[in-house]
A.B. asks: 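The structure that follows is given in the form of structure tokens.
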Protein chains: 2
Amino acid sequence: MTGHAVQPAERALIRISPVHQCGYHARHMPVPDPDLLVRLPLFRRVRPEDRVRVAAAGRLRRYERGDVVFEEGEPPDDFVTIVEGRVKIFKRLPGGRDLILQIFGTGDPLGAVAVYEGRPYPASAQALDPTVCLHVPRQAFLGLLEESPALVRGLLSGLTLRLIELTERLSELAGAGVEARFARLFLKLSEQFGIPRDGGRFVPFPLSRQELADMTGTTIETCIRIMSRWGKEGVLTTERDGFVLVNGQVLEQLAGR
Amino acid sequence: MTGHAVQPAERALIRISPVHQCGYHARHMPVPDPDLLVRLPLFRRVRPEDRVRVAAAGRLRRYERGDVVFEEGEPPDDFVTIVEGRVKIFKRLPGGRDLILQIFGTGDPLGAVAVYEGRPYPASAQALDPTVCLHVPRQAFLGLLEESPALVRGLLSGLTLRLIELTERLSELAGAGVEARFARLFLKLSEQFGIPRDGGRFVPFPLSRQELADMTGTTIETCIRIMSRWGKEGVLTTERDGFVLVNGQVLEQLAGR
DNA sequence: CTGTCCCCATGACGACGGTCATACCGTCGA
DNA sequence: TCGACGGTATGACCGTCGTCATGGGGACAG
């Protein structure tokens, strides 16, 4: 799989279900179980009785791929946490393009930025996969914040981490070319999710060309060009359920160390 | 001043003292007065006795233009607050350019991102003017955090605000051209510091061409081209101690609404 | 007064990457 | 089986902006 040249016909394409822009409102689901909260990092360290309160106040909702969790500019009525699935946080750019700020997964909080101050969401959120989220009404969450220093600490840590990541991306966008940005993106994904395979690393994180383009702040055409060239050069290949970093060395090189 | 065309000879240039890269260590100053803290937003709402503790633990330092307050990658030993002056927060880009993430002024905290988790500073800080900072040792600050919910709230608010601003800049950098970014920069400065003058707005916030370029993520040449063209077109002029937005309409236009 | 230094200004040139246009292929529904 | 659709692929073109090179002008030291 890694050794010989890949024929065009062999190149498996990502199979990503079409995005149905239809659904805004998510399906409601049964009331959450307090034990479920233990699996969410943010709530793990709060007192058990507080978890019960959160569970009682919270609601689970199910989103299909493409469903909107919230839209930029809306007031944050809920504090949202991903129980299962992936959600992209993105801003719409003048000109029609989107810029994906971050992709959150299981256990990550959504809209932590907005909920505390009650500011409108600074970006939109849309499900990438079939996703289940825990919605806790803002007031209930704020009440819990008052009493749980552990929760405040978690929130503060999360914010600082995101802030650091954003400054990093800002400097990449300003300083590095498109190809370098792609290289860094995949190296980061590999570090986070990659598992060894055939001498390379498999990243079980499917993304369409459009999504890749939106993550690096470029156009789909430029993205496709680079990805298809890398495929031919044996640097990185696309599979139906993720990517394979065949030659990490070259990527490190292109990333500019 | 606004009506007639500006001759090249008339265009006053910014007088910005040369940056001496020499000084890293700042001059030490007398122990701070607790009353001084009342003027710093972050400490205003903490209990008076806590302000006394902070004042006792803290030290004032003086920085000249170009002096380094801290460098990217260093561990945050102190929590720093600007008492007087301006400090730029910037990242060095591969290729030698700098990207200014933010310019902080009197009352703003520095390194709030790093101090809580103890992570190394994600960016460097350098004084733009003669500046006085209050340094509170990290441990003392953390102790105070434990006991002062007001301080925690202030920190959280500050971080969320910065996060929102950064996402905004990220999308600008990805979506808008250089000229639009300059227009937005000046409109923001005008909104924050501008005072009406001769039908336009004067922004008493001197910045060199290089600093402007670093704030918008471009090169000094491109910056100079735009600024000198705007000067000729009567859109915006440079003065020794700031800028004059002569025609805000055009800037709004260029900013893309 | 004169040399030096730093900041500002302007022109020429080229490349990176965005835009437009076209085509291929697999999936799905009729 | 056929057609429509969405995602992927590739070529041609060109504008924006980064790079290099050169020159002017004010401030300051000797």
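For the numbers below, each heavy atom of this structure counts, side chains included, while hydrogens, waters and symmetry mates do not. In the text below, chain A, chain B and the rest are named by the order of the sequence lines, each starting its count at 1. Only a predicted model underlies this, so the values are computations on that prediction, with no experimental measurement involved.
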A.B. asks: In whole angstrom, what separates B:Arg240's CZ from D:dG25's C1'?
C.D. replies: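 So the CZ-C1' distance, B:Arg240 to D:dG25, works out to 15 Å.
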A.B. asks: Decide whether B:Glu72 and B:Ser124 meet the rule of one side-chain donor and one side-chain acceptor closer than 3.5 Å.
C.D. replies: no
A.B. asks: For the pair made of CD1 in B:Ile224 and P in D:dG23, what is the distance, rounded to whole Å?
C.D. replies: 17 Å
A.B. asks: How does protein contact run along nucleotides 15-20 of chain C, one letter per nucleotide 5' to 3', with B for base contact, S for sugar-phosphate only, - for none, heavy atoms under 4.0 Å?
C.D. replies: --SSBB
A.B. asks: Please report the distance, rounded to the nearest Å, between CZ in B:Arg209 and P in C:dC7.
C.D. replies: 13 Å
A.B. asks: Let me know the distance between CG of B:Leu93 and P of D:dC17, rounded to the nearest Å.
C.D. replies: 17 Å
A.B. asks: How long is the line joining CZ of B:Arg229 and C1' of D:dC17, in whole Å?
C.D. replies: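 Those two atoms, CZ and C1', are 13 Å apart.
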A.B. asks: For the backbone of B:Gly66 and the side chain of B:Gln126, can you confirm whether one donor and one acceptor N or O come within less than 3.5 Å of each other?
C.D. replies: yes
A.B. asks: Rounded to the Å, how far apart are B:Ile226 CD1 and C:dA9 C1'?
C.D. replies: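 My rounded result for the distance is 14 Å.
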A.B. asks: Just by distance, do the side chain of A:Arg62 and the backbone of A:Pro130 share a donor-acceptor pair under 3.5 Å?
C.D. replies: no
A.B. asks: For A:Leu173 versus A:Thr216, what's the shortest heavy-atom pair and its separation?
C.D. replies: CD1-O, 3.8 Å
A.B. asks: Could you tell me the separation between the CG atom of B:Leu254 and the P atom of D:dT16, rounded to a whole number of Å?
C.D. replies: 13 Å
A.B. asks: From C:dA9, C:dC8, D:dA9, pick the nucleotide closest to the side chain of B:Ser228?
C.D. replies: C:dA9
A.B. asks: For the pair B:Arg86 (side chain) and B:Phe104 (backbone), establish whether a donor and an acceptor sit closer than 3.5 Å, ignoring hydrogens and angles.
C.D. replies: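 It does not hold such a pair.
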A.B. asks: Between A:Lys232 (NZ) and D:dT8 (C1'), how many Å, whole number?
C.D. replies: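 In whole Å, D:dT8 C1' and A:Lys232 NZ are 12 Å from each other.
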A.B. asks: Ignoring hydrogens and angles, write down the donor-acceptor pairs under 3.5 Å from the side chains of residues 247-255 of chain A, residues two or more places apart or on other chains.
C.D. replies:
from: A:Asn247; atom 1: OD1; to: A:Gln249; atom 2: N; distance (Å): 3.2
from: A:Asn247; atom 1: OD1; to: A:Val250; atom 2: N; distance (Å): 3.3

